[in-house]
Asks: 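Here it is, the structure, as structure tokens.
Bear in mind that the values here come from a model prediction, so they are computed numbers and not experimental data. Counting starts at 1 for both ligands and their atoms, in listed order. Just so you know, residue 1 is the first one in the sequence shown, and it goes up from there.
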Amino acid sequence: MSDIGRRGFLVRTGLALSAAVLASAASRTMANQQPLPYRFTNWENLRTQFPLSPQLIHLAAFFLASHPTPVRDAIDRHRAGLDADPIGYWFEHEEKQEAKVLLAAAEYLGASPTDIALTDSTTMGLGLLYGGLKLGNEQEILTTTHDHYSTETALRLRAERTGAMVRPIHLYRSLKTVSRDEIVESLRKGITPMTRILAVTWVHSSTGLKLPIHEMAQAIQTINRSRDERDRIIFCVDGVHALGVEDFRVDELVCDFLIAGTHKWMFGPRGTGLVWGHPKAWPIARATIPTFGSQAYDLWMENRSSKDLPPSVHMTPGGFHSFEHRWALDEAFLFHKTIGKSKVTQRIYELNQQLKQGLAAMPHVTLHTPMTQDLSAGIVCFEVAGLAPRQVVEKLRQRNIVASVTPYATKYARLAPSLINSAEEIDTTLRAINELRAA
Ligand SMILES: Cc1ncc(COP(=O)(O)O)c(C=O)c1O
């Protein structure tokens with residue numbers, strides 16, 4: 001095994017992810033003259049880290065991240081290195097940088113780095129996972145009618161290709177009356193002895209509704225207690241609008257797979273994402289795209305099997321990527337860590353609460369997202385009487401406020417207050433919406 005390959009093997013099997021690789025990573029990073037790390041002081045200062053247009057109130061920032069300074073600097077550094085000497089820089093950095101990214105993601109998630117596969121987006125993770133999860137002839141995939149295009153389409157493609165049974169259920173009757181109990185009860189009733197995979201979305205980008213993932217996981221655990229390992233329900237969560245918003249650790253979530261892009265609320269480089277899998281669940285995942293994990297490749301060159309490598313290695317698709325983006329992802333996790341998870345959650349909740357309370361008080365506005373933070377996170381959906389959602393968004397844009405329309409069959413105007421916003425911006429937005437009365 002080559003030197004590079006041997007190191008890769010150790011890294012991926014988790015044996016060397018800490019001391020040796022990181023020590024050398026750290027010393028080489030210093031040699032690269034990395035700027036001083038970001039220190040959070042206050043929200044105004046945080047906003048200065050983003051090159052977002054100061055003329056606009058950005059309330060659709062979750063759609064695709066603007067890169068904060070540490071992420072941007074890291075991208076620039078890697079891009080310059082790759083442009084100067086692509087193969088030299090790649091051999092010098094591939095292993096070390098991937099280890100750093102996996103370690104930073106693992107630390108942030110409360111996971112082991114060997115349980116994380118790196119992807120380019122939520123959609124790539126969903127497609128690869130749902131396309132390959134092992135399923136018996138009598139087993140079905142249970143999903144909901146509230147999921148995003150990417151979950152629904154990944155499941156449809158799986159069904160068309162393999163004949164897998166996919167059954168969607170409603171989790172609630174109306175947003176006006178939805179409760180955590182109703183959601184958990186609907187799930188319990190929807191599960192049958194054939195249900196093997198459950199595919200849901202933590203925070204719905206269609207309505208802003210947040211599912212009670214912990215309670216759902218507990219209900220599934222109870223059902224799983226009377227099932228064999230090969231029949232137990234595998235709980236898969238699209239967590240893209242929870243990662244970088246909710247204060248959680250995957251080891252407390254009790255789900256089997258968490259799939260998310262890191263280029264929305266996490267502020268990671270555009271074109272990055274991950275799949276975390278519980279060590280007990282990973283073995284039922286089957287890869288589709290050959291990994292370029294160096295140890296898998298090395299084993300292949302030696303005509304040896306790579307089946308003993310962690311499944312997350314195989315679930316990290318090759319070939320080459322936009323490495324300047326992928327290798328800068330650790331900076332996004334560090335950026336969030338510096339602020340602190342609970343502070344992040346609290347700030348996003350506060351701004352969303354302010355927005356929802358303001359909207360709920362307007363007679364010409366229908367707020368669709370539940371008021372309680374138990375059932376909502378960072379996304380607020382609403383309608384303005386007499387105006388189509390697209391018109392609402394256009395009129396707000398004329399006032400330099402950036403909103404979006406939910407990209408679903410049922411459309412709402414959508415605002416997503418995030419860490420880059422201020423209470424004053426929410427007030428300005430509320431005043432603008434108050435003036436949006438149909439002529
Ligand atoms: C719930 C949900 N899942 C998945 C996606 C797709 O994310 P990505 O761009 O990372 O593939 C989106 C929005 O883009 C979304 O709202």
Asks: What are the two closest non-hydrogen atoms of A117 and T316, and how far apart are they?
Replies: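 Shortest heavy-atom contact: CA-OG1, 3.2 Å.
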Asks: Above 12 or not: heavy atoms from other molecules or residues under 6.0 Å from NZ of K341?
Replies: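 Correct, the count exceeds 12.
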Asks: Name every donor-acceptor pair, under 3.5 Å, that has one atom in a side chain of residues 54-64 and the other anywhere in the protein, sequence neighbours excluded.
Replies:
unit_1 : atom_1 : unit_2 : atom_2 : d
Q55    : OE1    : S53    : OG     : 3.4
H58    : NE2    : S53    : O      : 2.9

Asks: With sequence neighbours left out, write down each residue that passes side-chain contact (heavy atoms from CB on, under 4.5 Å) with Q373, or none if nothing qualifies.
Replies: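 So Q373 forms a side-chain contact (heavy atoms from CB on, under 4.5 Å) with Y349, Q353.
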Asks: Could you label the plane-to-plane angle of the H93 and Y89 rings as parallel, tilted or perpendicular, counting under 30° as parallel and over 60° as perpendicular?
Replies: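 Because their plane-to-plane angle is under 30°, the rings of H93 and Y89 count as parallel.
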Asks: Check ligand 1 for N or O atoms under 3.5 Å from a protein N or O and list each pair with its distance.
Replies:
unit_1   : atom_1 : unit_2 : atom_2 : d
ligand 1 : 3 (N)  : D238   : OD2    : 2.6
ligand 1 : 7 (O)  : T122   : OG1    : 3.1
ligand 1 : 10 (O) : T122   : N      : 2.9
ligand 1 : 10 (O) : T122   : OG1    : 2.5
ligand 1 : 10 (O) : H263   : NE2    : 2.8
ligand 1 : 11 (O) : T122   : N      : 3.4
ligand 1 : 11 (O) : T123   : N      : 2.9
ligand 1 : 11 (O) : T123   : OG1    : 2.5
ligand 1 : 14 (O) : K264   : NZ     : 2.9
ligand 1 : 16 (O) : S205   : OG     : 2.6
ligand 1 : 16 (O) : H241   : NE2    : 2.7

Asks: Run the side-chain contact (heavy atoms from CB on, under 4.5 Å) test against E182 and tell me which residues pass, sequence neighbours left out.
Replies: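 Scan of E182 (side-chain contact (heavy atoms from CB on, under 4.5 Å), adjacent residues dropped) gives Y172, R173, V178, S179, S186.
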